[in-house]
Structure formats: C-alpha cells, structure tokens
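Structure first, commentary second.
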Amino acid sequence: MMNLVVLVRNLRRSLLQIESRILQAAGLDRQQAPALALNGPSLLPQPQQEQELEDQQPPGVLDSILWMAVPKKRRTIEVNRTRRRSETKLIKVKNNIEPCPECGHLKQKHVLCGFCYRKVCKETALIRQQINAMEGGPLRAPTVETVVLYEGETPSQQDKDKRIVERPRKRPAWFS
C-alpha cells in the first residue's frame, strides 16, 4: 500500500513537470506574473499532499514575491481626457504671422519665407553648377572669395582679386 502511494505521488509530480515544460515551450507558462500585487497560489491554504510535493521541489523564482504597486482604482474617462487635453498641450494660436513683402505668402515675423527660400535655393544651385562648369569640379576651386555679377553689373575695385561668376539674367530683388 505504501509503495502505491509513493508511485502515485511520483507519477503526479512527473506529469506536472511535463505539463509545465510543454506550457513553457508553447509560451504559456503556468506561473505567469500575477495581475495584482501578490502571487496568489502561495497564499492559499494547500492540502497536505501538495505541501509534501512542494517540499521536495526547490522553490521557484516567483514564489512569495511581493510585486510592484498597482493602482487601487481605475482612472475615469473624464480624468484621462482632462489630463490629455490640458491647456499646456493644446496648440497655441500664433499672432506673429504676416504676408511676405516679396511674394505675398504668409510667414512668421522675423523668419524667412519658405517660398522665397526655395527660390534662393534654386538660384544658388544654378550658381554652383556654373562654378562647377567653370573650374571642372569642386576640388579645383581657388581659395578666394566669390562674387556673383548679374547682367548689367560691373566689378568694383574691391572685386579685383576675387573669383567672378557672371549670370546671364537680371539680378532678382530677393537675391542681394
């Protein structure tokens, strides 16, 4: 009779180990982290046979561990929305917007107009292409200052020792 009890206990323990290994392989651990603050099964009273079974097994990592703090009550929708829509997070109304004096598009005061900036970038790219064509590459550029002259402009006395790039068009009003 005694051998039969030991055999049943060993069979039960081995089946529990097989079950836990299968659950671990499937990613469904039996001892997952508790939803609340404590690991519940270790607090509940257990029958004498299971206590003997646990005495034989080494204690697990998750046994009798006090977990992190958990909120006591759920935040209401009103509280969540007032936090998310607070006045500090709202978009501010800008009062410093004015039309650009060159093109008429709206822009912020003391900030370059985006439309005019694109025009300046295009003109600068054309000047760079012309400089590249004149000198045959960026590595052959002389170490002197560059002056851009447009149609109808003549070099001044200050521009004598500088590299001069002549553009075959009238100088734009925004490119000075």
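When a residue number appears, it is its place in the shown sequence, counting from 1.
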Spacing of [atom1] belonging to [X] relative to [atom2] belonging to [Y], to within rounding of 0.5 Å:
X	Y	atom1	atom2	value
Arg13	Arg9	CZ	CZ	8.5 Å
Lys170	Glu153	NZ	CD	11.0 Å
Arg163	Thr143	CZ	OG1	9.5 Å
Leu126	Arg167	CG	CZ	5.0 Å
Asn95	Gln108	CG	CD	11.0 Å
Leu16	Arg21	CG	CZ	12.0 Å

Does the pair [X]/[Y] count as a salt bridge with the N-to-O cut at 4.0 Å?
X	Y	answer
Glu102	Lys119	no
Arg171	Glu151	no
Arg169	Glu123	yes

If hydrophobic clusters are built from ILVMFWY residues whose side chains come within less than 4.5 Å, do [X] and [Y] share one?
X	Y	value
Val111	Phe115	no
Ile127	Ile164	no
Tyr117	Ile97	no

Is there a side-chain contact between [X] and [Y], using heavy atoms and a 4.5 Å cut-off?
X	Y	result
Glu19	Leu15	no
Asn96	His110	no
Lys107	Glu98	yes
Pro155	Val147	no
Ile131	Thr146	yes
Tyr150	Pro172	yes
Arg75	Asn80	yes

Does atom NZ (Lys92) have a neighbourhood of more than 12 heavy atoms from anything else shown, all under 6.0 Å?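 Atom NZ in Lys92 is packed in, count exceeds 12.
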Looking at Arg83, I'd like to know if its CZ atom is crowded, meaning that more than 12 non-hydrogen atoms belonging to other residues, nucleotides or ligands lie closer than 6.0 Å.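 Check passes, neighbour count above 12.
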Okay, side chain of Gln17, backbone of Arg12: is any donor-acceptor separation there less than 3.5 Å?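 Pair absent, no side-chain N/O of Gln17 close to backbone of Arg12.
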Nearest atoms (heavy-atom pairs only) where Val79 meets Thr82: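 Taking every non-hydrogen atom into account, O-OG1, 2.8 Å.
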